[in-house]
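Sequence lines set the chain letters: A, B, ... in the order given, protein chains first and strands last, and positions in each chain run from 1.
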Amino acid sequence: MVVSLLLAIPAAAGLWLVTGGRALPLAAARLLSATAVGLTLVLSLAAAVSRQGIDRPWLPDLGVRFSFGVDGIAVPLVLLTAAIGALVVAHAWVEVPEGGTPATFLGCLLLVEAGALATFTARDAILFFVAFELVLVPMWVLISRYGDRHDDQARADAGHRFVLYTAFGSTLMLVGILALVTFTGTSDLRELAAGAGAALPPDRQLLVAALLVTGLAVKVPVFPVHTWLPPAHTIAPTAGSVLLAAVLLKMGTYGLVRLPVATVPDGFARLSPVLAVLGVVGIVWGALVCLVERDLKRLIAYSSVAHMGFVVLALAAGTETGLQAALFANIAHGVVSALLFVLVGGLKQRWGTVDLSVARPALRETSPRLGFVLVLGLAASLGLPGLAGFWGELLAVYAAWAPADNRPRALFVGCAVVAAVGAALAAAYALRVARRVWVGDVPEPEAGTTRDTRGVEAVVLTTLALGVVVLGVLPGPLLAVTADAVARIGGAR
Amino acid sequence: MNPWPVVLLPALASLAGLLLGRDRRLSRAVAVAAAALTLLLTLVAWAVQGEEPVRGAGPSIRTGELSVPLDVVSNPSLAAVAFIVALVALAVQVYTVWYLVDDDRYPVFAATVSLFTSSMLLVVHSGDLVLTVIGWEVMGWCSFLLIGHWSRRHSARRAAHKAFLVTRLADIGFLLGVIGLAAGARTTDLGEVVESWGRPGADDTLRALFLTLIVIGVLGKSAQLPFQDWLADAMEGPTPASALIHAATMVAAGTVVLAALFPLLAESPGARWVLGISVSLTMVLAAALAFAQSDLKRLLAWSTVSQVGVMLSALAAAPIEAGPDAGLFHLWSHAVFKALLFLALGWAAVIAGGTAAYALRGSAAAAPLLRVSLLFGLLSLAGVPLVVGGLSKEHVVAVAWEGAVHGGPGLVVLVALLTTAALTGAYCTRAYLLLTAHVRPQRSSPRLPPAVQGVLSGLVLLSVLGGLVLLTDAFAVGEFSLTWVVITTLAVLVGVLVALRGGFDRDPAEVLVPRFIPLADRGLGADAAYRRLVAEPVLALARLVSFLDTEVVDAYVRGTAVATRVAGRAGARAHRGERPGSAVGLVLAALVLLGLAGVLAWS
Amino acid sequence: MTDPVPVGVDAVILAPALLPALAAVLVLVGDALLPGRRRWPPLLGIAVLLVAAGAALATGLRPASEPLRTLCLPAPDGACLWTAGPATGTLQAGILLAGAAALALLHDAGGGPRDTTVTTTLLLAAATGGAGVAASRDIGAWLVTLELATVPLVALVALRGTRTAAHGALTLLVTSVTSFALLVLGSALWLTATGDAAFAADTVSAAWGDPERRTVLVLAVTVLLCGLGFKLSLVPFHAWTPQAYSTADIGTAAALATMSKVSAAAGLLVVASALTGTGPDAGRVSVVVGIVAAASMLLGNVVALRQDDATRLLAWSTVAQAGWVVLPVAALSASGIRASAAYVLVYALATMVAFAAVARVGPGPLARFRGLLRRDRLTGGALALALLVLAGLPPGVIGLVAKVVALGPAVDAGLWPLVVVAVVAVVLGVAVYLRWFALLLGEPAEDVPSEGRGGGSRAVLVLGTALLVLLSALPALLLDLLS
Amino acid sequence: MIHLTGPYLLAAALVGLGAFGITVRRNAVLLLVGVELVLSGGLVLLVATQAAGGDRWAAGSVLPLFVITIAAAEVVVALAVILTAYRHRARIDLAEPSGEAP
Amino acid sequence: MTALDTAFAATGLVAVVGGVLAVTTRHVVHAALWLVVALLGVAGSLLVLGAELVALVLVLVYVGAVVVLVLFALMLTRAPIGPDLEHRAGPWRTAGSAALGAAVAVLLGSVLLPLSGSAVERAGVTSTQVAGQIFGTWVWPFELLSLLLLVALVAALAVSRIPREAAP
């Protein structure tokens, strides 16, 4: 019941806002969506505590059940999604981009949230796929309608890239799921995880794993299929970027954990060297691009590529620690990137562009609060201990250093070394941003050039900053929540 | 006593300081009071500390196979180090109140200092490799903030940037070493790691490799060769920050970490050689550079590099049974006199309006306390017998001699130590001569608040009497032979005499090595070398990658789009005529082709 | 044996085909008796088609184990020439409903041909053919009904009377007669190979055992596929599609795109069901079907990407979707046949809604649709949903489910090259439909006059959209009907 | 007694000729000639099957009758359409592009 | 070679020759006339194969009705009496069509011939039997066929009656 409501409330509110309530004035739409996300947040907490699920037939012909529920792996993501959903709706008090009615905008946000929640709670592989696709259209609308108004061509291009890339990936994933379902005869993720691919011969496991991994890699995104991310992030409105980074990318890694890792572990093991190498290349690649990228939003997008590289590396290691690291880094990246995107979106709103090559007064002088949050986010992004980014990346490097027994040890150790180098590069680009924006190139402030944050924006930023700090200082609870489920999946295989 | 309160108190003070940021007086009170309370706590902890180590249980976290208990520990030497850290922190906080009285960002500075203190105390008390890493990295970040405090100055921004990046680069090694050790032991608990890797069956090569990696990290944080150059630039930070960084925290942290890992280090000749060679070269080179600096604050910076080399040399050379405490003791004494020197010099610089040698000439005459402070600080730095610096240096020499007897890098270290002693004597003499020169009538000195005067006096006292700490058995150092005392004293004397060759009124550096001064000011061009060898290649690579990303990786994507469009255009063109006949032709052609395909696929 | 061989005729079971046939005759007779009345024939036609669809649907609701059979030969032969299981019944219902909808569009106020008697008769006849072909199990009825489903549409295209329509009709005609020749040739080869005038799995498997007859059978299937490919607009038999769609009036185009396609698919499925008797190594029939499916999906989407005219875009979309319809057939399994039926029904429903929307906005360049969602919420929303269903993107869940269902058998049979093409086709398809969808979302253009504001298109739009929404919420409804 | 080689060859030849005729003719009416040839090839094949005794329900005779009738119906519609096209365009050239550019 | 074979060869030859000329002649009207010859040949072949009824219907319907219709259509579309130069196919097109036709013939022949085997007894079917089957087994398609014819008639009438440019 809790889970049904959790999914139904944002979905229903979102649907109504994009259809019947499209012409609703901003205030009413905001109120409605705020109520919806508030309820969703409460329900997500209830779901996390009660761990109830629903399960009824959906497509009896295909053996697909309408089965939703949460477990240790899903709980953090569900909470994250609900929280980020609440924050992006709250952000509508700060900025509602042009391009359509505000109600449609808010409705799309709610629909993305609903789709993500459905993805994270789906307990059936086909259902997972359907939920996975749910977010596509609303997100596409957010990007291509409400995105950056400067360049229509770029906006359309970014939207198309996002949707086509993702559709490609998810269809490959669907093929993988169908193959899996054909080979095993069930699409219930719990059964599949319990069977762990034991019924499949090795080459079939490899085939299924390859399809699933390739498909999901697009969403994560893993190098070299990451090129949709920077334009999407750059163009999307702030709320869209936040959702994209904090929620949508997580669907990819979550899918990796749920599908290939849990259901065809041996096939995944055979692929994992490739995945590890790609993850590491992504870490270094993203970081290097960040060293010279001029657009701050793009820069953060590339840093996402680098951070997701850590997640992928940890997953590839195949140990329980690796899985834990991946799940932690996943959440941490969600919070940190959300923080950075809210911030940078705010800067873009204030400045018009976020081109790093434009000399600006120091943020710490003109708007100390904004500057403080920026520097906090950057510190978290470079993996500073005490902030969210640290644990996941440390454990990821550890996991790569000590991979599961059926992984090529030398290769993974090499990957760990490169990942550590990537962490140093992260410091370099984070400091680059800090030097350009935080301490500024025009140190003498001309008064009032950058409005400091206040009101709802400040609340949103503070909440996210608190999340960053809490995750960094107290990683224990989150790791404990995932521990049991991870042990059940048996990352050690 | 459980060390957690000692660690957490300054952290909480930092948080409170940030939250109260708007109210200057409140944040001042919080910062100073917390520092004082921390000092009190460490004192109590030290007092109640028995011989046995004390553990404080941490918030153990579950991460699959790896056990991460996050405990903290304390033992007599660590308690003593913690005390001196807290002492320096308090001195710095009190001093800062005066020094940054006009600074609009004082609250942030004070909070950062508190955080810095907390993380150093965490490293000191860490009983877990992860905690060490946490403290280690947070210190690096705090140093970035402190060095770049005056971010309106371009040089400060650059120095902060460089300091963080250089140390972070070295941290790659540190991180990998820690992870390697943890992976071998399946835990990050320091005691268990040491035990696990210290077992007879442990892999010697791997152990040496991991310790070498950690040593690389330590070399970076401690500004030893080849990472030496950032520390002198870091003088762009406010003087209290320099005092903190140099005296008891960041650069000395490596000594603490290696001391904790000493049982393993002692068994890893490879790592010891790396460490020994690096620190030997560094201490001599840095001392030489210090001598020729035209900026006295940078002179102190190079002297720190040199002295940290001395500390680390004790760890590199000491035989296993001697233990690491000689190094820790030197840390202790260095903290005292370096804090004294920096705070005094900061005062002098306020009087003189700059830190350049020519500006500071004769500034010590402004106040007797300043003169006394500088005198005792420099005496201690020079390693004159019986003051605290001399005492600790003798212990280092003693263990180096022991080590030299046992083999290992001891002999190299010993030679370097003696050379350094002479050079140190020389530059201390130079500094003193410059500061006390009789050149011009002094301007009236700004009034120093009594609290700061008290701090300086206390530090002077400690620099004279600090050696008495040995009576508390905090540091398990052995005897030192009179022979070596004589030899090192002679070496110092040689240095002093050489420096005095030009008489009392002239700058010895300009007399002895005039042409070396500009070179020394540039740190032998290390900065350019960093840029050319590391920064520029990395940036070139970054540009290449950025190019590849848009023009190659993405080109495939765009290529697909273009190919689709071209195919679409071709398809549309092929159907543009819309001739009825062609439709039929297609049908029949397809019939043949498909028929053949079907029939052939069958047979 | 001079007496006629008695076959049992059950008119109730035959109702889905019989009712429209009778109605067609009735319309002609009525027109002869009451000349000049233009209103009642379409209304009668729609009513009859709806009743017939109800009857067919009743068949679809029966369990699969007890299909309705009639026209049964006496024992020992015992073959039944009309066999309607759930899938057949649902397909028939789809055909008849599509016919009703096309009729409504055709006679919507403001457009369409004048002589309602003729058009209604023709459409009813085509619906009869479609309903008949779905249930036919013998070559004779199959051939006759297929042509019955085709010939009236050729005439309907020509009936518009414009110069371009004449050209389109000519193209359609030329292709149509050629394809008929091929169907005859294919049927002859089938008879030669199996010696059976019925599409039956047992005779197919007997023929399969003999290598020489097997070759003939493959050729027969190939030729039949070529003949049907024309009706389904499969590449390379598609060239008539854009011409005919764009030159015919919108109702006819809708009938061509939906009713005719479902009828052809039903005809194909009759053959494919017999081919499931080919046994385990039948996967190689897939080569022929697979090539056609892959070519359709790719070419259709690629060219559709460049179309700027709504009707032409829908025509090329038909080509692409036809590839999806035969994709599961390539697996030659029972589930593949069900999947194909499901897919073609979803396609037809969404396409019908799209045509209804086009009828309301007026055919022409895509730019006319700019900002439709704000100008006309009902039409815009319906078209948006239809496009998403065609693209297979939620909230058009049923489109997505149809794609899942269609891919399943192909994956099942291990047709990996085909699956890869399908993946590419999904991406291309999303690009095609989103291009249009994006226009709907845009700022409204300056006032574009709308035509076809009649009740017919509105009813089709509303009912079709309601059905799409219902199926998107409960996709099981459709899938259950088919099995 | 009869060999089936003859009918098969005849059928193949007629279909081949029909295919040639369909593709080579640009006159819409003459295209129908080709179609008739293909159809008669099919007829020969159907009847040959019956002659060999390999059919059920006299399909070899009945189906040709159906085919001939359907073809006649088609031809009627075809000629009507062709005549309409001729009335509009004064040409029935199949190789002529439509006047409307896509 | 049996007698039937010989007879079949003769009629078949007529059919093929007629067919060849029907598709190659440049005289439009000749093409229709040659088609009559070919169809007569086919009818003869069918007769040899024992399908009298089919042969009869072929001659009646095709030769009697369809070809006459075709000829009328040719007249109505003002086909030239001499060689039709307007619709002449180019050499490439002719060559391509020839290749296509040959390919079709070869494909069919190569697939069918292995089936022919040795001589078989001709299985005759009487017209009565055929009639019985048509009104028995095949009654349903037969009825539909009548609908088809009706519809075709209506359609042809309607199409030929529509005024020029009836719709804008």
Side-chain angles (χ1 to χ4, degrees), chain D residues 1-17 19-21 23-27 29-30 32-34 36-37 40 43-44 47-48 50-53 57-58 60-62 64-66 68-77 79-84 86-88 92-93, chain E residues 2 4-5 8-9 12 15-16 19-20 22-23 31 35 39 42 45-46 49-51 53-54 57-58 61 66 69-70 73-74 76-77 87 89 94 97-98 100-102 104-105 108-109 112-113 116 119-123 125 129-130 133-134 137-138 141 145 148-149 152 155-156 159-160 164:
Chain D
M1 298 290 280
I2 185 164
H3 281 90
L4 290 178
T5 322
Y8 289 162
L9 277 179
L10 178 61
L14 285 174
V15 173
L17 283 173
F20 172 74
T23 42
V24 82
R25 290 298 191 191
R26 287 169 57 189
N27 184 320
V29 182
L30 290 190
L32 293 177
V33 173
E36 300 303 340
L37 285 177
S40 38
L43 295 185
V44 172
V47 174
Q50 178 193 299
W57 314 326
S61 286
V62 179
L65 296 179
F66 286 178
I68 290 167
T69 321
I70 300 173
E74 292 240 354
V75 165
V76 170
V77 176
L79 292 176
V81 170
I82 290 171
L83 286 178
T84 315
Y86 182 79
R87 286 220 311 265
H88 279 296
I92 46 170
D93 188 349
Chain E
T2 62
L4 282 174
D5 283 343
F8 191 89
V16 170
V20 168
V23 294
L35 177 63
L39 289 176
V42 171
S45 307
L46 298 184
L49 286 171
L53 187 62
V54 179
V57 173
L58 188 67
V61 176
V66 173
L69 263 179
V70 167
L74 287 175
L76 284 174
T77 56
H87 293 117
T94 314
S97 305
L100 191 74
V104 170
L108 267 178
L112 281 171
L113 281 184
S116 56
V120 293
E121 191 60 49
R122 198 180 72 176
V125 178
Q129 279 174 320
V130 172
Q133 287 289 346
I134 284 181
T137 312
W138 303 99
L145 197 56
L148 177 60
L149 276 175
V159 168
S160 47
R164 219 178 136 142

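Looking at D/Thr5, the atoms closer than 4.5 Å to chain E (heavy atoms on both sides) sit in the backbone and in the side chain alike. Both the backbone and the side chain of E/Val16 have a heavy atom closer than 4.5 Å to some heavy atom of chain D. With a 4.5 Å cut-off on non-hydrogen atoms, D/Leu17 touches chain E through its backbone and its side chain both. Residue D/Ile2 touches chain E through both its backbone and its side chain, counting heavy-atom pairs closer than 4.5 Å. In this structure, chain D has heavy atoms under 4.5 Å from both the backbone and the side chain of E/Val70. D/Ile68 touches chain E through backbone and side chain together, each having a heavy atom under 4.5 Å away. Interface remark: E/Ser45 contributes side-chain atoms only to the contact with chain D (heavy atom separation under 4.5 Å). The contact between E/Leu69 and chain D is made by backbone and side chain atoms together, counting heavy-atom distances below 4.5 Å. Contacts between E/Leu49 and chain D at a heavy-atom distance below 4.5 Å involve backbone atoms as well as side-chain atoms. At a 4.5 Å heavy-atom cutoff, the contact between D/Val75 and chain E is made by side-chain atoms alone. Interface residue D/Phe66: backbone and side-chain heavy atoms are both found under 4.5 Å from chain E.
Taking CZ of D/Phe20 as the reference point, atom CG of D/Leu37 lies at 11.5 Å (rounded to 0.5 Å).
When each of D/Ile82, D/Leu32, D/Ile70 is checked for heavy-atom pairs under 4.5 Å with chain E, D/Ile70 comes out on top.
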